[in-house]
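Let me begin by presenting the structure, written as structure tokens, before commenting on it.
Every chain is numbered from 1 and lettered A, B, ... according to where its sequence line falls, protein lines coming before strand lines. Here the structure is a predicted model, which is why all the values come from computation and not from measurement.
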Amino acid sequence: MPSFQTSPGTRDILPPHAGRWRALTDVFADTVQSAGYECIIPPMFEDLGVFLRLGEATDVVTKEMYDFVDKGDRHIALRPEQTAGVCRAFAQHRPVTPWKVWYSGPNFRYEKPQAGRYRQFDQVGVEVLGSDDALLDAEVISLAWQFFARLGLAKVELVVNSLGDAPERGAYIDALRAHFESRRGELSEESAATLARNPLRVLDSKRPADAAAVASAPRISSFLSAESASHFAAVLAGLDALGVPYRVNEMLVRGLDYYRRTTFEFVSLSLDGAQNAVGGGGRYDGLVEDLGGPATGGVGFAIGVDRTLLACDAEGVFGTGAVGIDAFVVDVTDGMAALRLTEDLRAAGYTADRAFDGRSMKSQMKAADRSGASFAVIVGADEAAAATCTVRDLSSSEQVTVPQSGLVAHLAATLGTRTPRRNPR
RNA sequence: GUGGGUAUAGCUCAGCCCGGUUAGAGCGCCAGGUUGUGGCCCUGGAGGUCGGGGGUUCAAGUCCCCUUACUCACCCCA
């Protein structure tokens, strides 16, 4: 056993897996940047108070916060998600609205790790601040939908709901509390405990014992104001217009208290585990105001990178093969030719690698094969004496000897020219 | 925070129940077979304080206790 290992709930993302993470982020960035979203990089830690706005009753705040006191006696927390930080940034800098941003990066929650759940976990997401337009909600949702589609995921279901604006939400919570209190005896022990903290959360209990009480609970739809109802109808109409399939589920309650009106969640039907939500979001009007800014509408979503990749594995999509390089230079003389030729190839825009430590030709050829290179460029004693090199096509095994000075031109004839990275020597 | 499972080579795992010479396999890695050529094949090699600590015993990878880590589930969430 090595002296040190990764801390609980963290892990090394090694190659080639790390390349797949980058590829996923690239797909996401391309998707949302096509819609005018710009990248934002908020800090990974902030004043604890920023995150307390996520809700006093949420587990994220009460028991999962990764917090500490720094050397300046500031009470700091590693961000458990990015929405609050983005809203804090909005309140601090007051950008022109609507402010459309996207992000990618790690978040931290002090939880017990299990499949698809880590203490440090990555999310990609978007936030839009400064608009109440229901069709913006539809755009935001459809961007996430398009992202999953571009990865090749087919078994992802979109679930939507409206929790109403603050007053309706409050009235609904009161009604729920009254309902469940009157049936407290029917509830499971866990749900009875949850009821005291947050009646909304009892709604999405999956315990069979709670089924009857949940089924007879009041529905949010009968509490919605005319404005909230028409907002929700417009969101659904927008999704219809875009051809995004969805299922309305009035039991959909999301974990953070700041959601108002639109809420949604993406569930992977190919993940059987408990962690099958690959993304979620909603509208959070009022959060900016809570953080000391002006009253500002906001909507966004976050997608879990780990779980999305788990879903890709389950569906057998978005596999990223080894990247392979253009050429691998094999040099069985003193290595100087390989040193120069790889540099020349790279300068000309090709990807090139070589072997070190003066290994045998057989060994270097094995390395060339393993590198996934299209060509091996071989320099033995004969080539070195004649200032030539033998270019071997590693898939067809055909090879031809060309002058070293003509190597780049020779590759250009088969691989095409590349954009030079720097001036050739 | 609560409960179950696991821990032996770089990786995946046998061996443990029923304690007994130098702890194994496959894959991977290195080398040779082919002194100038990869994949397939053959041969060989390197690589282990059997997670850590304590106990029982003539003897512990194997039995007992403690501990740590990992893992799965609950809770909750991405």
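- When the C1' atom of B:G38 is taken as reference, atom CZ of A:F328 falls 11 Å away, rounded to whole Å.
- When distances are taken from the side chain of A:I378 to each of B:G36, B:C29, B:A73, the shortest belongs to B:G36.
- Ionic pairing of A:E315 and A:K155 is not present here: no N-O contact between side-chain nitrogen and carboxylate oxygen is shorter than 4.0 angstrom.
- Between A:F121 atom CZ and B:C76 atom C1' there is a gap of 12 Å when expressed in whole angstrom units.
- Side-chain contact, A:E383 with A:T390: a donor N or O sits under 3.5 Å from an acceptor N or O.
- Put simply, the side chain of A:R117 and the base of B:C75 share a donor and an acceptor less than 3.5 Å apart.
- Side-chain contact check for A:Y284 and A:E127: at least one donor-acceptor pair (N or O, by modelled atom type) lies under 3.5 Å.
- Rounded to an integer number of Å, the gap from CE of A:M365 to P of B:G32 is 15 Å.
- Note on ring orientation: taking the six-membered ring where Trp is involved, the planes of A:F90 and A:W99 are tilted (angle from 30° to 60°).
- Nearest-nucleotide positions on RNA chain B for A:P113 and A:G380 put A:G380 closer to the 5' end.
- Between B:U21 and B:C17, the distance separating the two C1' atoms is 23 Å to the nearest Å.
- In this structure, B:C70 and B:G5 make a Watson-Crick or G-U wobble pair, each of the two defining distances being under 3.5 angstrom.
- As judged by a 4.0 angstrom heavy-atom cut-off over every strand, A:A115 is placed among residues touching the sugar-phosphate backbone only.
- Counting distance only, with no hydrogens placed and no angle test, the side-chain atoms of A:E383 and the base atoms of B:G36 include a donor-acceptor pair under 3.5 Å.
- Using a 4.0 Å heavy-atom distance criterion, A:K362 is classed as a base contact.
- The phosphate of B:A73 (OP1 or OP2) has a side-chain N or O of A:Q114 nearer than 4.0 angstrom.
- Residue A:E111 contributes atom CD, which lies 9 Å from atom C1' of B:C75 at whole-angstrom precision.
- Here A:V278 lies in heavy-atom contact (under 4.0 Å) with sugar-phosphate atoms only.
- For the residue pair A:T262 / A:D137, a side-chain donor-acceptor distance below 3.5 Å is found, with atom types taken as modelled.
- No engagement by A:S268 is indicated, since no non-hydrogen atom pair under 4.0 Å with the nucleic acid exists.
- Going from the P atom of B:C74 to that of B:C58 covers 48 Å, rounded to whole Å.
- For the residue pair A:N276/A:S268, the side-chain donor-acceptor check at 3.5 Å is not satisfied.
- Of the residues in residues 397-410 of chain A, those with a non-hydrogen atom less than 4.0 angstrom from any atom of RNA chain B are A:S397, A:Q399.
- Residue contacts for A:S363: at a heavy-atom cut-off of 4.0 Å it reaches the sugar-phosphate backbone alone, with no base atom in range.
- Side chain of A:R109, nearest nucleotide from B:A78, B:G36, B:G38: B:A78.
- A 3.5 Å limit on both hydrogen-bonding distances identifies no Watson-Crick or G-U partner for B:A59.
- Between the CZ atom of A:R359 and the P atom of B:U37 there is a distance of 17 Å, given to the nearest Å.
- Figure legend. B:U22 is base-paired to no nucleotide; pairs are counted as Watson-Crick or G-U wobble with both atom distances under 3.5 Å.
- Projected onto RNA chain B by closest heavy-atom contact, A:G280 and A:P8 fall at different nucleotides, the more 5' of which corresponds to A:P8.
- Out of B:A69, B:G38, B:G36, the shortest distance to the side chain of A:D382 is found at B:G36.
- No side-chain N or O of A:Y350 forms a donor-acceptor pair with one of A:D344 less than 3.5 Å apart.
- In this structure, A:R119 forms no cation-pi arrangement with A:F108, as its terminal cationic atom is not both closer than 6.0 Å to the ring centre and no more than 45° off the ring axis.
- Across all strands, A:G116 comes closer than 4.0 Å to base atoms (heavy-atom distances).
- Between the CE atom of A:M361 and the P atom of B:G32 there is a distance of 13 Å, rounded to whole Å.
- One can place CG of A:L271 at 13 Å from P of B:C72, the figure rounded to the nearest angstrom.
- Candidate nucleotides B:C76, B:A78, B:G33 were compared by shortest atom distance to the side chain of A:Q123, and B:A78 ranks first.
- Atom NZ of A:K112 is separated from atom C1' of B:G5 by 12 Å (rounded to the nearest Å).
- Only the P atoms considered, B:C41 is 9 Å distant from B:G28, to the nearest whole Å.
- Side-chain contact between A:V32 and A:Y103 is absent, with no heavy atoms from C-beta onward closer than 4.5 Å.
- Distance noted for atom P between B:C11 and B:G48: 13 Å (whole Å).
- For B:G44, the paired nucleotide is B:C30, the pair qualifying as Watson-Crick or G-U wobble because both relevant distances are below 3.5 Å.
- Residue contacts shown for A:R119 are absent, as no nucleic acid heavy atom lies under 4.0 Å away.
- Looking at A:R340 and A:D331, no side-chain N of the basic residue comes within less than 4.0 Å of a carboxylate O on the acidic one, giving no salt bridge.
- Residue A:R370 has its side chain nearest to B:C30 when only B:C74, B:C30, B:U37 are considered.
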